[in-house]
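Remember, it's 1-based here, ligands and their atoms both numbered in the order they're listed.
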Amino acid sequence: MDQQFLHYVVPDSPAVDARMPALHKIDLITVRLPFVKPFSTSVHTWAVKEALLLRLESGGVVGWGECVADPDPYYASETTQTVRHIFKEFLLPLLTRGQTIGELLKRWSPVRGHGMAKAMVENALLDLIARQQSRPLHELLGLPARRIQSGISLGIQDSIPALLDAVAEAMSRPYHRVKLKIMQGKDVEWVRAVREAYPKLTLMADANGDYRLEHAALLRELDAFSLTMIEQPLSYSDIVQHAALQRELATPLCLDESIHDLDDARSALALKACRVINIKQGRVGGMIESLRIAALCQHAGIDVWSGGMDETGIGRAFNLQLQTAPGFTLPGDTSETARYFNEDIVEPAVVLADDGFIALPDGAGTGVAILEDRVARYTLAREQIR
Ligand SMILES: [Mg+2]
């Protein structure tokens, strides 16, 4: 075991010293936006995006957070209902004016897990504070502006020809990499077909935990296709068995679902369970914990990227701001808005430049304007808490 990763003290973002303003209005809003096309993983198919939004208002300034939990537990154990419960009963009572974000995160630490609930609140607070200070979020986090690499994630398709069509459509835009979802029975031959059609494409595969260690020989066949990585081949909660699998594969493994916080990342690196980590800020408790994980990985010489949860424009904007951190060296899941929604609840939409990069939106906080009339149009439920 590599002890250095267990003992490395990560530097913190200056945003931990930001102070919480008084919150005059707090709303939990559930929106439902139809996807342009349903999205399938090895576990489930989603036809709509149902998202829980947190709207915080202080002195006429509004900050927004988006929870990445689904209404169902088919990506993670948290759901929009568990997030509502944990927020109202355990996180909200600890929100007091004047404390720093760092102090708040410490006060939340007895709440075990529930990273998606914590991220929603931390996101909304950071956005609110940055908007109050009229600065972009990345600046509050101590990060310089830069353009962001793009990537696209293609869900499980019905047939190999349908997959090749989906890849062709993706490649009509200048994405920096293509990710294929795979599952048992839709893996080696499917990846082979794509690789034969596109020999030079930057390509990776994501299994969302569909395999077990007994499938190591089959997964080893994927070594023939020069994938940049295989993401989360084994159980959603496992680290140790991934270490055993990584020893058998030439292709780097990437952990996604298994990494809930900095401690999980330490364990994964110490055990050499992966050579890449997919940091979803909405899953690991927010932007500050994400930056800690990115700093640890950078110290370890491990590449990271920002995964997507098919967020609305609010969550997508946080993912863009996060990727200004220097450790984010690989293209992530950030795609154009038009791929997911005909109409989003923010402006401007994410679009790729001719070279495939994405410019940060130009404004305070996350930089996007939230269109409250559209939020209202897609609202299923709104609960005014204060
Ligand atoms: Mg994944």
From the N, O or S atoms in E231, identify the one nearest to the Mg ion (ligand 1).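 Nearest to the Mg ion (ligand 1) within E231's N, O and S set: OE2.
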
If I consider every N, O or S atom in D206, which one ends up closest to the Mg ion (ligand 1)? I only need its name.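 Minimum-distance N/O/S atom of D206 relative to the Mg ion (ligand 1) is OD2.
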
Side-chain H-bond candidate by donor/acceptor type, [X] with [Y], under 3.5 Å:
X: S153; Y: D333; answer: no
X: R283; Y: Y75; answer: yes
X: N123; Y: E66; answer: no

Can you spot which of R32, K49, E343 makes a side-chain hydrogen bond (donor to acceptor under 3.5 Å, both in side chains) with Y378?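 Exactly one option meets the side-chain hydrogen bond (donor to acceptor under 3.5 Å, both in side chains) with Y378, and it is E343.
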
Taking both backbone and side-chain atoms into account, decide whether D256 has an N/O/S atom under 2.8 Å from the Mg ion (ligand 1).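 A backbone or side-chain N, O or S atom of D256 is under 2.8 Å from the Mg ion (ligand 1).
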
Output yes if E257 passes the N/O/S-under-2.8 Å test against the Mg ion (ligand 1); output no otherwise.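 E257 does not place any N, O or S atom closer than 2.8 Å to the Mg ion (ligand 1).
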
